[in-house]
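Okay, structure first, notes after.
In what follows, chains carry the letters A, B, and so on, assigned in the order in which the sequence lines appear, proteins first and then strands, with residues in each chain numbered from 1.
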2 protein chains.
Amino acid sequence: MYSLLVADDHPLFRDALHAVVSAGLADTQLFETDNLAGAIHFIEAHDGLDLLLLDLSLPDAEGLEGLKTLRTHCPWLPVAIVSAHQERQLVLDAITLGAVGYIPKSTPREQLLAALTQILQGQLYLPADIMRRPPPPNAARSLSAVPAEKQMRLARLTDKQQDVLRYMAQGMSNKQIARELSIAETTVKTHVSAILRKLGATSRVHAIVIASEEELPHSFAKR
Amino acid sequence: MYSLLVADDHPLFRDALHAVVSAGLADTQLFETDNLAGAIHFIEAHDGLDLLLLDLSLPDAEGLEGLKTLRTHCPWLPVAIVSAHQERQLVLDAITLGAVGYIPKSTPREQLLAALTQILQGQLYLPADIMRRPPPPNAARSLSAVPAEKQMRLARLTDKQQDVLRYMAQGMSNKQIARELSIAETTVKTHVSAILRKLGATSRVHAIVIASEEELPHSFAKR
DNA sequence: CGCACCCTCATCCCTTGGTAGGAGACGCCA
DNA sequence: TGGCGTCTCCTACCAAGGGATGAGGGTGCG
């Protein structure tokens, strides 16, 4: 006998979920609420709850804020995210915060049932189609165990390269930088290529992001 | 007919895995190697491979480095991590890097079989006992998507446009953003054009500079 | 002196970025 | 109901970015 609570402000979705659960999960009660405050209130009043299905776009909880609140408020309650969003990173963030599953609203009926079953049995559920997509190449930046070997990459830039990088960071094109420094555009490109190579960047935007993270000295001074 | 490759430098563990697979997974070949270089060599020579089981302490690949290498080298090959480590964050990092599963070496025989089956069917497998442990309180620090509260009078970007802008500010190309949001690259271009027009920018870099100056919320959040 | 490094500029070539225009689907609202 | 805005996707085209390579001239150093 499981008892679930779904917190979602779309009545239609709640109905659909209700239909799926009552058809597929025997001996299961499904309670409903359409906002976070109501969910917390319900949780405090009923302690037999097995799982909370939490939508990410509640009127009183935008994004993962609601999950954060719940995890600090009642960490004993398993929470699975139910959302229309398909971003890989969002799924990871939810799990990081302690969610026990992430169910896209586009999940077909029988797979949704399988996901719920899996979660209720103590496993985790992650949407395979989203997670199997290749991660963005900069995913490694989010890792916790980043050894501090990354430093000194900036220091290896020559003076002219740092000049060019500064102008890049102000949004200038190669042509503008060339005018500003009174050199040919091809020369600027050469510098840019060297910068990308030394920083391990894949584009000029990427290079700027890396530079800003590593605090290029007086790099973003306005002129 | 599945074909697996296990990369682990402990012969005893390879033997144990062999026993489990041959007893529980019909029609499955299990190949073996004891280092990363050998694994890559094997992968390049055999393209029917369904899954790589990668240990995290190979002689020529410390920690997640090996996974990183493999993901960039042959992103089409699903990789599941097999490790003695039990840290929650390590599991998350592995998934972030594109692993399709994480199997602790302490996993009991039948559960290991279930995990392999689940992964081979296209699902992800995460160790429930580790992941269900409460996350460390500072987990929120690594989040990328910090919800917004108050907005700027910035030239009124739509939600999707702000999404795109955030990814732009992280250095992603249009193609990468498209993958991340599960939309076509042309759509991303449409959004980018709209962003540039609304911000009065002349290029994507310019747009990012403007956005950062106007304090676009959580646009430069660390990931 | 030779050598390494940097700045300069060039050419070829391919990829990415950005614009323009059109179009279908959806939801919202008067 | 019709209009409006957003999101989606397309084709086509041109500009900009970036890689690869070569090469001349400058400086500093052993």
Open item on the list: Looking only at the side chain of B/T186 (C-beta and beyond, no hydrogens), which of the listed nucleotides D/dT11, D/dC7, C/dT8 gets closest?
Closed with: D/dT11
Open item on the list: Distance check needed: D/dG18 C1' versus A/I195 CD1, whole Å only.
Closed with: 12 Å
TODO: Name the closest nucleotide to the B/A184 side chain, picking from D/dC9, C/dC9, C/dT19.
DONE: D/dC9
Task: Between P of D/dT8 and CD of B/Q161, the distance in whole Å - done: 10 Å
Open item on the list: Less than 3.5 Å apart, any donor N or O on the side chain of A/E32 or A/H18 sitting next to an acceptor on the other?
Closed with: yes
Open item on the list: If you compare all heavy atoms of B/L4 against all heavy atoms of B/L49, which two are closest, and at what distance to 0.1 Å?
Closed with: C-CD1, 4.0 Å
- [ ] Check A/Q161, A/K160, A/R166 against A/D163 for a side chain to side chain donor-acceptor pair (under 3.5 Å) and give me the one that passes.
- [x] A/R166
- [ ] When you get a sec, tell me which of C/dG18, C/dC7, D/dG19 is the closest nucleotide to the side chain of B/S193?
- [x] C/dG18
- [ ] Check for a donor-acceptor pair, side chain of A/D55 on one end and backbone N or O of A/A7 on the other, with a separation under 3.5 Å.
- [x] no
TODO: To the nearest Å, give me how far apart NZ (B/K198) and P (D/dG5) are.
DONE: 11 Å
TODO: Could you tell me which residues satisfy side-chain hydrogen bond (donor to acceptor under 3.5 Å, both in side chains) with B/Q123, sequence neighbours excluded, listed by chain and number?
DONE: none
TODO: Rounded to the nearest angstrom, tell me the gap between atom CG in A/D163 and atom C1' in C/dC6.
DONE: 13 Å
Task: Estimated bend of the helix from C/dC1-D/dG30 to C/dA30-D/dT1 (axis per five terminal pairs, rounded to 10 degrees) - done: 40°
- [ ] Verify ring pair (Phe, Tyr, Trp, His ring centres under 6.0 Å) between A/F42 and A/F31, making sure each step is shown before the conclusion.
- [x] CA-CA 9 Å; A/F42 184 95; A/F31 302 99; 4.8 Å; yes
TODO: Would you mind reading off the distance between A/M168 atom CE and D/dG17 atom P, rounded to a whole angstrom?
DONE: 10 Å
- [ ] Take atom CZ of A/R197 and atom C1' of D/dG19, then tell me their distance rounded to the nearest Å.
- [x] 10 Å
- [ ] Would you check if there is a donor-acceptor pair between the side chains of A/T69 and A/H73 at a distance under 3.5 Å?
- [x] no
Open item on the list: I want to verify a distance call: between C/dT8, D/dC7, D/dC10, whose nearest atom is closest to the B/T190 side chain?
Closed with: D/dC10
Open item on the list: Using side-chain heavy atoms (C-beta onward) and a distance below 4.5 Å, is B/V205 in contact with A/M168?
Closed with: no
Could you go through nucleotides 14-17 of chain C and list every protein N or O atom that sits under 3.5 Å from one of its N or O atoms, giving the distance for each pair?
from, atom 1, to, atom 2, distance (Å)
C/dT16, OP2, B/K175, NZ, 3.4
C/dG17, OP2, B/N174, N, 3.3

Open item on the list: Does any part of the side chain of B/L70, heavy atoms only, come nearer than 4.5 Å to the side chain of B/I43, both counted from C-beta?
Closed with: yes
